[in-house]
Student: 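Here it is: the structure, laid out below.
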There are 2 protein chains.
Amino acid sequence: MEFQTVDKKNLSKQVIDEIIGLLQSGQLKPGDRLPTEMELMTMCNVSRSVMREALSSLEAMGIVNRKTRKGTFFSDRIGSEPFSIMLALSSGNLKSILETRISLELGFVTLAAEKITDEDLERLNATVEAMKEADGDYTATDKEFHEIIAHSASNPLLEAMIGPVLNLYDKTLEQISTNQKNPEITIGHHEAIYEALKEKNPVKAYQAMYTHLSYVRDKALRGLKERQ
Amino acid sequence: MEFQTVDKKNLSKQVIDEIIGLLQSGQLKPGDRLPTEMELMTMCNVSRSVMREALSSLEAMGIVNRKTRKGTFFSDRIGSEPFSIMLALSSGNLKSILETRISLELGFVTLAAEKITDEDLERLNATVEAMKEADGDYTATDKEFHEIIAHSASNPLLEAMIGPVLNLYDKTLEQISTNQKNPEITIGHHEAIYEALKEKNPVKAYQAMYTHLSYVRDKALRGLKERQ
DNA sequence: TTTGTAATTTTGTATGACAATTAAATTAAG
DNA sequence: CTTAATTTAATTGTCATACAAAATTACAAA
């Protein structure tokens, strides 16, 4: 006869669960104000320290925002913090960052092909046109293109992931600092992706995105090699 | 003339960054023991309260584990906690859960097609065979199939995401409780995915997985509708 | 009515005390 | 000498209290 060890949670973790439960149950909504620390500690019957530990954790995860004298509020949207941290901890090298990006963006573009709105299609097209007109650095426009696609998936969780991924990619690339940009190729790829999305064709969009990101990957890895 | 507001971080957030920096800089490795709370508070020149808030946050995110009398250790692997919480907060309905799953798994399977090892191929095949032999519930085996694929992408971050996604999916489906299972179709899909992975063909693997998960989605949504 | 100051509210930080957990050290028993 | 039992100690866990900081609100004076 063997007893399973009981996984005891400390009080602050239990409080975290309770507070998240307020959101999940619909008692409070994103953007709503929570009771004050003093009220919460009484409600949960724990010390203020425990409550602060729980709230600090929730704030680090972007689930709440706390402001002196105003109070503590649930965030309006799923924050990028948790994923940013996971990314920061995982980012061993450029290759794995690129692969993470590929993996996520291929999924995003598939959903986008199913669900993209005319408005987002126009915004996408605008970035393609802006890139054609751009004289110098088109990184921001390039990034915007990818962000619109993630947004088009109409899924707040997925959308919360694109920012951290692209930021980490940009940051890593800066450190390598290869300035071999081929705007024509990138623009061509973006156009192909755009056309596939316009047709609402997931497989075609996937293939266009995979081609694009594989090219980005190969170029970056080549640049890395030449740098050594 | 406009001044940008300075984004001031409180002390516990600053301490979090410093501790994560220990990992990123390689000073400490996953699994290593951190200094004690008392030592850390001296090193960082903050009170014990602030240090505990920071450590509680790190523990809530699965980055460290703390044990009475033993100390505080960096986790061996990227935890699922951050992503679990993001998922918990985002999970409005079955449709969005299904879409999240589709998006992520399509990316995973693409990378898996590039990188899968013979060993993982064998394990995949074993699950397909196990499902053929299964008399009753093959949920665990089905889940394992998908987990192996995520593992095959050989990316710790992506691998940390599959567990929470599948758990949430299972949990949501339980609540719907439609018992319309077609093992033959699922097995057929798994076989097609397996064959594509064996050929190391990303596009084919993607298409097979997309077909499978679209079927899963349609069936679940149909079941949901019939339940209302 | 506007401006300046004081009061207030809520979060932020520090300190000290004690509790709880659990490993290590010491003592006692066979 | 070995094993078992007890005590001690190390580290995290919780609580309480005090004060600081930030920033809004209320009140008084011009």
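Proteins get letters first, then strands, A, B, ... in listed order; numbering begins at 1 in each.
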Student: Flag the pair A:F73 / A:D32 as yes when at least one side-chain heavy-atom distance between them is below 4.5 Å, and no otherwise.
Tutor: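 Counting from C-beta outward, A:F73 and A:D32 never come under 4.5 Å.
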
Student: Taking the side chain of B:T36 as its heavy atoms from C-beta onward, which of D:dT11, C:dG12, D:dT14 lies nearest to it?
Tutor: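 Of the options given, the side chain of B:T36 lies nearest D:dT11.
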
Student: Is there a donor N/O on one and an acceptor N/O on the other, under 3.5 Å, for the side chain of B:S49 and the base of C:dT15?
Tutor: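 Check passes, donor-acceptor contact within cut-off.
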
Student: Whether the side chain of B:R48 and the base of C:dG16 hold a donor-acceptor pair under 3.5 Å is what I'd like checked.
Tutor: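 No.
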
Student: How long is the line joining CG of B:N10 and P of C:dT11, in whole Å?
Tutor: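 Rounded to the whole Å, the gap is 13 Å.
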
Student: Closest approach to the side chain of B:T68, judged atom by atom: which nucleotide of C:dT21, D:dC15, C:dA14 is it?
Tutor: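 Shortest atom-to-atom distance from the side chain points to C:dT21.
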
Student: May I have the distance from A:E37 (atom CD) to D:dA16 (atom C1'), rounded to whole angstrom?
Tutor: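 It works out to 15 Å between those atoms.
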
Student: Is B:L55 touching bases, backbone alone, or none of the nucleic acid, heavy atoms closer than 4.0 Å?
Tutor: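 Nothing, no nucleic acid heavy atom in range.
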
Student: Which residue, A:V46 or A:K70, contacts DNA chain D at a nucleotide closer to its 5' end, judged by nearest heavy atom?
Tutor: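 Between the two, 5'-proximity favours A:V46.
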
Student: Does B:T72 make a side-chain N or O approach to OP1 or OP2 of D:dT12 shorter than 4.0 Å?
Tutor: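 Yes, such a contact exists.
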
Student: Using whole Å, what does the distance between atom C1' of nucleotide D:dC19 and atom CE of A:M38 come to?
Tutor: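 Value for this atom pair: 13 Å.
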
Student: Provide, to the nearest angstrom, the distance between the CD atom belonging to B:E53 and the P atom belonging to D:dC15.
Tutor: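 It is 14 Å, rounded to the nearest whole Å.
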
Student: Hey, does B:M131 have a side-chain heavy atom less than 4.5 Å from the side chain of B:V128?
Tutor: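 In short, these two side chains do not touch, never coming nearer than 4.5 Å.
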
Student: Can you say whether a donor on the side chain of B:R69 sits under 3.5 Å from an acceptor on the base of C:dT22, or the other way round?
Tutor: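 In this structure, the two groups form a donor-acceptor pair.
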
Student: Near B:R33 CZ, under 6.0 Å, is it more than 12 heavy atoms from other residues, nucleotides or ligands?
Tutor: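 Atom CZ in B:R33 is packed in, count exceeds 12.
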
Student: Looking only at side-chain N and O atoms, does A:S47 come under 4.0 Å of OP1 or OP2 in D:dT14?
Tutor: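 Answer is no, no contact under 4.0 Å.
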
Student: Just how far, in rounded Å, is C1' of C:dT11 from CG of A:L58?
Tutor: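 Distance, rounded to whole Å: 15 Å.
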
Student: Can you tell me how far C1' of C:dT10 sits from CE of A:M51, to the nearest Å?
Tutor: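 Value for this atom pair: 15 Å.
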
Student: Working to the nearest 0.5 Å, report the span between CD1 of A:I63 and CD1 of A:I20.
Tutor: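 Here the rounded value is 4.5 Å.
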
Student: Over how many whole Å does the gap from A:L34 atom CG to C:dT9 atom P extend?
Tutor: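 Taking CG of A:L34 and P of C:dT9, I get 20 Å after rounding.
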
Student: Taking only side-chain N and O atoms of A:R52, does any of them lie within less than 4.0 angstrom of OP1 or OP2 on C:dG12?
Tutor: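 It does, given that an N or O in the side chain of A:R52 lies less than 4.0 Å from OP1 or OP2 of C:dG12.
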
Student: Could you state the atom-to-atom distance from CG of B:N65 to P of D:dT11 in whole Å?
Tutor: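 Interatomic distance, CG of B:N65 to P of D:dT11: 17 Å.
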
Student: Strictly below 4.0 Å, N to O, side chains only: are A:R217 and B:E114 in salt-bridge contact?
Tutor: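 Answer for the salt bridge query: yes.
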
